There are 2 protein chains.
Amino acid sequence: MSSRGRPGATSHARIEESAFRLFAERGFDDVTMADIAAEVGVGRRTLFRYFESKNDIPWGQFASTLEHFRQILASMPVDLPLWEAVHRGVLAFNDVPDSAVPPHRDRMRLILGTPALQAHSVHQYAEWRDVIADYVARRRGLEPTDILPRTVGSVSLALAISAYEGWLADPNADLATLLDQTMTSLRGYLS
Amino acid sequence: MSSRGRPGATSHARIEESAFRLFAERGFDDVTMADIAAEVGVGRRTLFRYFESKNDIPWGQFASTLEHFRQILASMPVDLPLWEAVHRGVLAFNDVPDSAVPPHRDRMRLILGTPALQAHSVHQYAEWRDVIADYVARRRGLEPTDILPRTVGSVSLALAISAYEGWLADPNADLATLLDQTMTSLRGYLS
DNA sequence: ACACTAATGGCACCCAGCGCCACAAAGATA
DNA sequence: TATCTTTGTGGCGCTGGGTGCCATTAGTGT
């Protein structure tokens with residue numbers, strides 16, 4: 001349990017904090033990794049040990065939240081219709097506590113509003129879809145690479161993103177409500 | 001009509017040709033813009049006047065084919081159910097002549113099989129989706145930015161890509177058949 | 001021959017990202 | 001206390017995409 005070796009000079013959280021502050025001030029494209037490194041008070045080279053790329057910073061610890069997503073789906077009652085299990089799973093995964101809403105909004109606005117990030121998000125999206133595809137495959141006795149699981153994953157993603165875009169466009173909108181609306185369309189595919 | 005000024009040293013088609021040859025030999029990531037420039041016999045700087053980025057080369061003249069897509073949809077009978085109009089439109093847009101199938105396959109295999117290109121394709125996808133969203137909006141008397149048109153666009157894209165992936169995975173598969181199968185799911189959303 | 005026009009391509013530069021490696025800071029061991 | 005081991009740091013140099021600048025070139029029109 002005891003830590004060995006030199007302690008880290010910073011943390012993912014600290015880097016995110018500084019980076020988001022700079023992004024808000026000057027825009028994502030006009031902030032260099034050197035800028036962020038200076039702000040954090042750490043070497044540029046070190047930043048790349050915490051985040052694989054500049055584009056990964058806005059996504060934060062997303063990859064590790066996917067394990068949670070897997071558990072949410074796995075714990076769905078098996079007697080629930082498949083479409084409803086996926087529907088509820090997506091809602092649960094995106095159910096952030098009230099206090100975390102504003103930063104979540106900022107994060108998603110940055111990601112969905114910056115072309116370079118829209119492109120890079122493909123990789124996160126792929127992993128998110130895989131979680132759904134794996135679940136659908138298990139429930140239906142198929143391979144995760146079969147067309148049905150993959151399609152359900154893709155369609156779910158498309159619907160979820162639509163909901164997010166609507167959420168960001170309307171300051172008064174409720175994310176859960178929008179997700180509930182768009183995800184309802186899933187029913188058509190799976191019945 | 002008559003051309004004025006210095007004539008171009010190459011063409012989009014020539015660049016695509018050389019680039020695809022190199023990509024096939026060494027893989028997309030191991031070909032530099034300098035390599036392509038040398039192969040074409042033109043300056044590196046000039047390449048960037050024909051294609052905005054290296055990632056744009058595999059997509060070729062895609063942007064200009066979208067005008068064709070718009071016309072296809074616009075010419076659909078208005079008494080056709082919306083879902084069927086979109087369905088047929090997507091099929092028509094992807095109906096390439098037999099002789100053009102092999103290169104089209106190579107192109108799509110490169111795009112869908114190269115991570116860097118998967119990411120960059122987001123921008124082409126967005127324009128493709130907009131064509132559908134605009135059509136749906138016009139037919140339904142909505143704004144192209146409303147949720148329904150955008151969602152139909154996103155879902156159509158997800159379904160079309162699923163079809164393409166199936167097509168690339170099975171050498172004997174017929175693209176039109178696969179598209180027809182996956183696009184059928186659209187019916188559920190729009191009725 | 002002389003302008004005019006439009007494309008070329010070299011040059012210098014910025015920035016993301018990576019391999020290499022000397023070095024720093026901690027705990028463990030003696 | 002001195003040394004060893006472990007682990008993170010961060011500087012250096014390089015590659016490659018992409019851009020601004022600008023002199024040059026190859027055409028057309030008068």
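In what follows, every chain begins at residue 1, and chains take the letters A, B, ... in the order their sequences are listed. This one's a predicted model, so the numbers in the text were calculated from it and none came from an experiment.
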What is the distance, to the nearest angstrom, from the [atom1] atom on [X] to the [atom2] atom on [N]?
{"X": "A/K54", "N": "C/dC18", "atom1": "NZ", "atom2": "C1'", "result": "17 Å"}
{"X": "B/F48", "N": "D/dC21", "atom1": "CZ", "atom2": "P", "result": "17 Å"}
{"X": "A/L47", "N": "D/dG11", "atom1": "CG", "atom2": "C1'", "result": "14 Å"}

| task | List in chain and number order the residues that pass ring pair (Phe, Tyr, Trp, His ring centres under 6.0 Å) with A/H12, two or more places apart in sequence or in another chain; answer none if no residue qualifies. | result | A/Y50, A/F51
| field | Nucleotide nearest A/R44 (side chain, heavy atoms from C-beta), chosen from C/dG17, D/dG17, D/dA26 | value | C/dG17
| said: Clusters formed by hydrophobic residues whose side-chain heavy atoms approach within less than 4.5 Å: which one holds A/V122, and what are its other members? | reply: B/V122
| query | Restricting to pairs with a member in residues 145-164 of chain B, which pass salt bridge (charged side-chain N to carboxylate O under 4.0 Å, His left out), not counting sequence neighbours? | reply | A/E165-B/R150
| message | So, does A/T46 get its side chain near the phosphate of D/dG10, meaning an N or O under 4.0 Å from OP1 or OP2? | response | yes
| query | Can you tell me if the side-chain N/O atoms of B/Y50 get under 4.0 Å from OP1 or OP2 in C/dA7? | reply | no
| task | Go through the side-chain N and O atoms of A/S162 and A/T182 and say whether any donor and acceptor fall under 3.5 Å apart. | result | no
Identify all side-chain donor-acceptor contacts of residues 88-101 of chain B below 3.5 Å with residues at least two apart in sequence or on another chain.
from	atom 1	to	atom 2	distance (Å)
B/R88	NE	B/E84	OE2	3.3
B/R88	NH2	B/E84	OE2	2.8
B/N94	OD1	B/Y164	OH	2.6
B/N94	ND2	B/V90	O	2.9

| said: side-chain contact (heavy atoms from CB on, under 4.5 Å), that's the test. Do A/L22 and A/E39 meet it? Break it down for me. | reply: CA-CA 9 Å; A/L22 292 177; A/E39 183 82 3; 3.9 Å; yes
| field | Residues in side chain to side chain contact (heavy atoms under 4.5 Å, CB included) contact with A/A34, at least two apart in sequence or another chain | value | A/T32, A/R44
| note | Within residues 20-41 of chain B, those residues having any heavy atom closer than 4.0 Å to DNA chain D are B/V31, B/T32, B/M33
| Check: A/R4 side chain, D/dG8 base, donor-acceptor under 3.5 Å | no
| field | No-H, no-angle donor-acceptor pair, A/R45 side chain to D/dG8 base, under 3.5 Å | value | no
| Heavy atoms under 4.0 Å, any strand shown: does A/G43 hit a base, just sugar-phosphate, or nothing? | sugar-phosphate
Quick test: give all pairs of protein nitrogen or oxygen and nucleotides 21-24 of chain C nitrogen or oxygen below 3.5 Å, distance rounded to 0.1 Å.
from	atom 1	to	atom 2	distance (Å)
C/dA24	O4'	A/R6	NH1	3.3

Between side-chain atoms of residues 124-137 of chain A and protein atoms elsewhere (two or more places apart, or another chain), which donor-acceptor pairs fall under 3.5 Å?
from	atom 1	to	atom 2	distance (Å)
A/Q124	NE2	A/D56	OD1	3.3
A/D134	OD2	A/R70	NH2	2.3
A/Y135	OH	A/R139	NH1	3.0

Sequence neighbours excluded and cut-off under 3.5 Å, please list the side-chain donor-acceptor pairs for residues 23-31 of chain A, or say none.
from	atom 1	to	atom 2	distance (Å)
A/R26	NH2	A/D35	OD2	2.7

